[in-house]
Structure formats: C-alpha cells, structure tokens
Amino acid sequence: MSKITAAITGVGAYLPEYRLTNQILETMVDTNDEWITTRTGIKERRILKEEGKGTSHLAIKAAQDLINKKGIDPKAIELVIVATATPDMKAASTAAFTATNIGATNAFSFDLEAACSSFLFGMSVAASYIESGKYKNVLLIGADKNSSFINYKDRATCIIFGDGAGAVLFEPNEEGLGLQDELLRSNGEGREFLQATYGGSSYPITADTFNEGKHYVFQEGKTVFKNAVFNMADVTERILERNNLTNNDISWLAAHQANKRIIEATANRVSLEPEKVMMNIHKYGNTTSATLPLLLHDYESQLKKGDKIIFAAFGGGFTWGSIYLKWAYNS
Ligand code: UT7
C-alpha cells in the first residue's frame, strides 16, 4: 500500500470590509504613504470593526466559504484547528466555538499558537493527523484580529498589521501529492523583540499598565527584520537542498506577508523569479496566521495539480520554518 500523504483539497477566505489605507493612517500617526510603501509594500489592510466580534468571526466566515465552495458536509469534518495569535478569549477555545458554529459537530478542535508561524506549524500538525491514517478531513484555519492589540498611536506597528482569515482542508492523497517535507524551528531568545507584554499570565493587566498601553503589541522592528530575513531564507534554502530542488523546479514561493523586502530577500536567496513569488501584502498587510491561506486563496486559480510550492514563515517567539508541498488539484 502506498504511503498516505496529506493534501490540501480546498481553500476559503474572509476579509472584513473596512479598508484602513495608508492615506487614512497619515491622518492618525506621523507617517506617509511613500514611507509605508517603500519600507513594507503595504497599501491597505482590512479591519474588523463590528463590536463584540473576535477572531472566531473571521474563522467561521473563512471556513463557511470553503465549505460552500467545496460543497462538503461540515459533519464530515473530524478536526478543526484554529491557528491564531489573537484568540477570542482566555480559557475558552476559539476553535471549539468556530467548529460548532460551522456545524462541524462531530469534530474535536483546538487552537494552535505560534505567532506568525501558527498556520505553518498548523500545516504540519494537520498533515500528521492525516498521515497517521486515523483522520480523513482536517480543517485548518488561520485567523487573526490583530486590530484587537494594536496601538493606533504607534507608527512602528499600526502600519503593518491587519485582520483576516483563511481556511484549508487537508485530506489523504494516494498519488504522493500534498505535504512532502518540513523544517520548523523556534528560539525563545527572540521573545523580547516582539510581544504584547501585559494581558498574559506573566503580567496580568492592571489599571496602571492599561493606562500606559502596555497591553498593546510592541516590536523592535529592525531586530525582527534581520532575524526574519536570515532565518526564512536559511530554512527555504535548506529545504530545497535536501529535496534536491533548484529554482527551476519550484512553481511558487508562498512566504509569510510581513514585509515585501523580507519576502524578496527570501526569493533572492534561492534565485526565484518574481513571477513565482506569491504576493498580496499590498492589500492586507500582515494578517499573522492568515497570510499563507490568503495567498493560496488569491492564487488558487493559477495553481495546477503537481505544482511544487515552498511555504516559509517567521514570527514572534521567535518561530519560523519552511514546508514543501505538492499542490493536489486544478481549480
Ligand atoms: O510578522 C512578524 C514578524 N514581523 C516582521 O517581520 C516585521 C519586521 N520588521 C519590519 O518589517 C521593519 O523593521 C519595519 C517595517 C517595522 C520598520 O522598517 P525599518 O526599515 O526597519 O525602519 P526603522 O524602524 O529602522 O526606522 C527607519 C526610520 C526611523 O527614522 P530615523 O531614525 O532614521 O530618522 C524611524 O523613526 O523610519 C522612521 N519610521 C517611520 N517613518 C514614517 C519608523 N516607522 C515609521 C513610519 N512612518 N510608520
């Protein structure tokens, strides 16, 4: 019997309607469209404005998009993983709420948190459940409502992040398509450079820290940038090498959309032509766990069965990695 591989067999997405453009940001903080565009590649990001709606709202909509497109019965879904750095609440699983609300009433579910690498690590977890032979329908959702912990007076972070969600279904494949190899890493020494310090278990929010805005996300951009460039390029190069792939073999690079310059540096390291580099950062900014599935969603019509896709991500923690996957269908 041939080995079971885990293939992506469907994609869904959701983006909130409100567009926070560079022009609007110019009226909020000391910045300008030219600086943001040249330093990051971002032109606008989407923001979930509806009160009382959190990451699960985005996740549910993305999952419903996938379910409707594929015409699947949500009761057939056995596992729902919500990859996110911004869960709805503490103590209550965002994935459980999401699964129930999409009608996946036979599934178990859990959240997976690895900052901007959450979806990438989720791909590894989802694929492992399929490869084990125990599960046949695993729904992986990457969703983040970053606007919930962004300080819109801090120009170092508010220009970068946006809200959004993407979902993929993993199913067994017997043609050898799907996830081929992975190289996943982390280094806790990076924590100090990107974090929302207050509001977790180390430092619960107090009235004073709240008034000082210490619950917002903080980033030392330059250090994160350098580490992202080095590490994302490194794992991408290594995964190509150990699978005997050259730039000519690769159909697409799907890299975490944090900064256009980081993505280009990764592509340059493996001499990949710009046409093969998926890019949508200009439209959505950095949506943390949603960047990779949103790329798949935007490029789905161009993907062909057998296409060799290299995924790469880098995020807080630090966490990073690369995955090599063969696309399983023509749309
Ligand atoms: O997804 C998780 C991982 N996150 C990332 O990968 C993000 C990595 N970091 C970055 O993408 C970049 O570091 C940023 C986009 C955050 C910043 O770009 P940078 O090229 O590293 O800029 P910088 O922080 O070194 O700032 C350069 C200059 C400074 O002015 P001076 O000191 O040279 O006069 C800043 O004060 O740009 C100034 N600046 C801004 N100017 C206009 C910083 N932010 C802004 C802004 N608008 N928003």
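Keep in mind that the numbers below use all heavy atoms, side chains included, and drop hydrogens, waters and symmetry copies. First listed ligand is number 1; within each ligand, the first listed atom is number 1. Everything numeric in this text was worked out from a predicted model, so none of it was measured.
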TODO: Enumerate the atoms of ligand 1 whose separation from the nearest heavy atom of N259 is less than 4.0 angstrom.
DONE: 10 (C), 11 (O), 12 (C), 15 (C)
Open item on the list: Quiz question: by atom type and distance under 3.5 Å, do the side chains of Y18 and E44 form a donor-acceptor pair?
Closed with: no
Task: Between D298 and N280: side-chain donor-acceptor atoms closer than 3.5 Å - done: yes
- [ ] Enumerate the atoms of ligand 1 whose separation from the nearest heavy atom of Q219 is less than 4.0 angstrom.
- [x] 4 (N), 5 (C), 7 (C), 16 (C)
Task: side chain to side chain contact (heavy atoms under 4.5 Å, CB included) evaluation trace for R269 with T236 - done: CA-CA 8 Å; R269 175 78 83 89; T236 302; over 6 Å; no
Task: Protein heavy atom at shortest distance from atom 16 (C) of ligand 1 - done: I160 CD1, 3.5 Å
Open item on the list: In this structure, is the centre-to-centre distance between the rings of Y216 and F149 below 6.0 Å?
Closed with: no
TODO: Identify, by atom number and element, the atoms of ligand 1 in contact range of I262, meaning under 4.0 Å from any of its heavy atoms.
DONE: 6 (O)
- [ ] Could you tell me whether M89 atom CE has more than 12 heavy atoms of other residues or ligands within 6.0 Å of it?
- [x] no
Open item on the list: Students should be able to answer this: which protein heavy-atom is nearest to atom 2 (C) of ligand 1, and at what distance?
Closed with: C116 SG, 3.2 Å
TODO: Could you check atom 28 (C) of ligand 1 against the protein and tell me its nearest heavy-atom contact, residue, atom and distance included?
DONE: W35 NE1, 4.3 Å
Task: atom 41 (N) of ligand 1 protein-contacted, heavy-atom criterion under 4.0 angstrom - done: yes
- [ ] Would you check the N or O atoms of R261, main chain and side chain alike, for any that come under 3.5 Å of an N or O of ligand 1?
- [x] yes
- [ ] Name the closest protein heavy atom to atom 22 (O) of ligand 1, giving the residue it belongs to and the distance to 0.1 Å.
- [x] R39 NH1, 3.5 Å
Task: Among S124, S128, S322, side-chain hydrogen bond (donor to acceptor under 3.5 Å, both in side chains) partner for E182 - done: S124
TODO: Pull out every atom of ligand 1 sitting under 4.0 Å from any heavy atom of A258, numbered as shown with elements.
DONE: 1 (O), 5 (C), 6 (O)
Open item on the list: Side chains of I160 and Q219, heavy atoms from C-beta outward: is any pair under 4.5 Å?
Closed with: yes
TODO: Could you find the nearest protein heavy atom to atom 35 (C) of ligand 1 and give me its residue, atom name and distance?
DONE: R155 NH2, 3.8 Å
TODO: Give yes if a backbone or side-chain nitrogen or oxygen of T40 is under 3.5 Å from a nitrogen or oxygen of ligand 1, and no if not.
DONE: no
Open item on the list: Suppose we measure from atom 24 (O) of ligand 1 to each protein heavy atom; which comes out shortest, and what is that distance?
Closed with: K222 CG, 4.7 Å
Open item on the list: Below 4.0 angstrom, counting only protein heavy atoms, does anything approach atom 33 (O) of ligand 1?
Closed with: no
Task: Close-contact set for ligand 1 against I159 heavy atoms, below 4.0 Å - done: 48 (N)
Task: atom 47 (N) of ligand 1 [closest protein heavy-atom partner, distance rounded to 0.1 Å] - done: T31 OG1, 2.6 Å
TODO: Please say whether more than 12 non-hydrogen atoms of neighbouring residues, nucleotides or ligands are located less than 6.0 Å from CZ in F210.
DONE: no
- [ ] Consider every N or O of G221 and every N or O of ligand 1, then say whether any pair is closer than 3.5 Å.
- [x] yes
- [ ] For atom 1 (O) of ligand 1, grab the closest protein heavy atom and report residue, atom and distance to one decimal in Å.
- [x] N286 ND2, 2.7 Å
TODO: Report, as yes or no, whether the 6.0 Å neighbourhood of atom CZ on R191 holds more than 12 heavy atoms from other residues, nucleotides or ligands.
DONE: no
